[in-house]
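Worksheet for the structure shown next.
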Amino acid sequence: MRKTLIAGNWKMNLTDSEAGNLAADIKDKLDDKYFQKIDVLLCSSFVSLIAVKQSIENSKLRLGAQDIFYENDGPYTGEISGSMLLSAGCEYVIVGHSERRKYFYETNVIVNKKIKKSLEFNLLPILCVGETIVEREDEIFEGVIEEQIIDSLEGVSPENIKKIIIAYEPVWAIGTGVNATPAQSGKIHKFIRTVVAKIYDSDTANNLLIIYGGSLNGKNAHEMLSEPGIDGALIGGASLDAEQFKGIVKTAYKIRTDQ
């Protein structure tokens, strides 16, 4: 059975001391039993990675980054390399988040290069895919998502695809207060598995971790995470609240225990 992943994406929030304190608070709130069925990941800003790493030492919490550059080093002001992320203690990295695509014009080609660079450094990529409200209303969203997946995974070997997590994030539901329904999300998660099966095979698709990334919070966590095929969540705002984040982990644990 696929293991549930609950990931907090803190985005451009918190100073290093605030991030360290939040990580420590989350650590204190989560009993060891939760980690038997749930992987819990914290993705802070680059400047806070060391502080978060120190706060979660001797725990089963995982550390991730919000982005990576596709070169090893060089004259790329403001970017961060795989070796830098490894040295900070990262195990995961978010790639192709809709905000990166929207505000920084990241294309599928760029996302593909970042996926490959992450794998080169043994960082587990969380590949984000999803449609805008216009693409959904025009009923072209499946084609958009399929193209994102095919282009982003171009040249990724059958062995390496097993290391990738896909996060479905309906762009129209991120930070808007509008949520995709469990049925809508479940349908897209199933569609994503179909696309991956066409590229690779059905076993690979069935074992792939696909999580939801569209404004999941304490109020909608149970119904969303109960939907078949949804293997966890990439959480934004709600992950900045230690008590709410713990509640989501607890909900995911109960769902997995009852299955």
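Small disclaimer: the values here were computed from a predicted structure and weren't measured.
Nearest heavy atoms, Gly64 versus Cys90: C-SG, 3.9 Å. Closest approach of Ser185 to Tyr212, counting heavy atoms only: OG-CE1, 3.2 Å. Contact between Leu216 and Ala221 at its shortest, heavy atoms only, is CD2-CB, 3.9 Å.
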Atom pairs and distances, side-chain donor-acceptor, residues 136-154, under 3.5 Å, sequence neighbours left out:
from, atom 1, to, atom 2, distance (Å)
Arg136, NE, Glu131, OE2, 2.7
Arg136, NH2, Glu131, OE2, 3.1
Glu146, OE2, Lys198, NZ, 2.8
Gln148, OE1, Gly130, N, 2.9
Gln148, NE2, Gly130, O, 3.2
Asp151, OD2, Asn108, ND2, 3.4
Ser152, OG, Gln148, O, 2.6

Can you list, pair by pair, the side-chain donor-acceptor contacts under 3.5 Å of residues 26-41, counting residues two or more places apart and other chains?
from, atom 1, to, atom 2, distance (Å)
Lys27, NZ, Glu57, O, 2.8
Lys29, NZ, Asp25, OD1, 2.7
Asp39, OD1, Lys3, NZ, 3.1

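In this structure the side chain of Thr4 never reaches within 4.5 angstrom of the side chain of Asp231, judged on heavy atoms. For the pair Phe245/Ile235, a side-chain contact is recorded, criterion being any heavy-atom separation below 4.5 Å from C-beta on. Proximity of Ile115 to Pro125: side-chain heavy atoms (C-beta onward) are separated by under 4.5 Å at one or more points.
By the criterion of side-chain heavy atoms lying less than 4.5 angstrom apart, applied directly or through intervening Ile, Leu, Val, Met, Phe, Trp or Tyr residues, Ile94 is not grouped with Leu119; the two fall into different hydrophobic clusters.
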Subject >> Verdict with reasoning, Ser44 to Leu14, per side chain to side chain contact (heavy atoms under 4.5 Å, CB included) >> reply: CA-CA 8 Å; Ser44 74; Leu14 309 177; over 6 Å; no

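The ring pair (Phe, Tyr, Trp, His ring centres under 6.0 Å) pairs that include a residue from residues 64-104 are Phe69-Tyr76, where partners are two or more places apart or lie in different chains.
Listed by chain and residue number, Glu159 satisfy the salt bridge (Lys or Arg N to Asp or Glu O under 4.0 Å) test with Lys162 (two or more places apart in sequence, or in another chain). Evaluation of the salt bridge (Lys or Arg N to Asp or Glu O under 4.0 Å) rule for Lys117 yields Glu120 as partners, not counting sequence neighbours. In terms of the ring pair (Phe, Tyr, Trp, His ring centres under 6.0 Å) criterion, Phe46 has no residue partners (sequence neighbours excluded).
Paired with Glu106 under the rule salt bridge (charged side-chain N to carboxylate O under 4.0 Å, His left out), one option of Arg101, Lys113, Lys114 passes, and it is Lys114.
With 3.5 Å as the limit, one finds a donor-acceptor pair spanning the side chains of Glu135 and Thr132.
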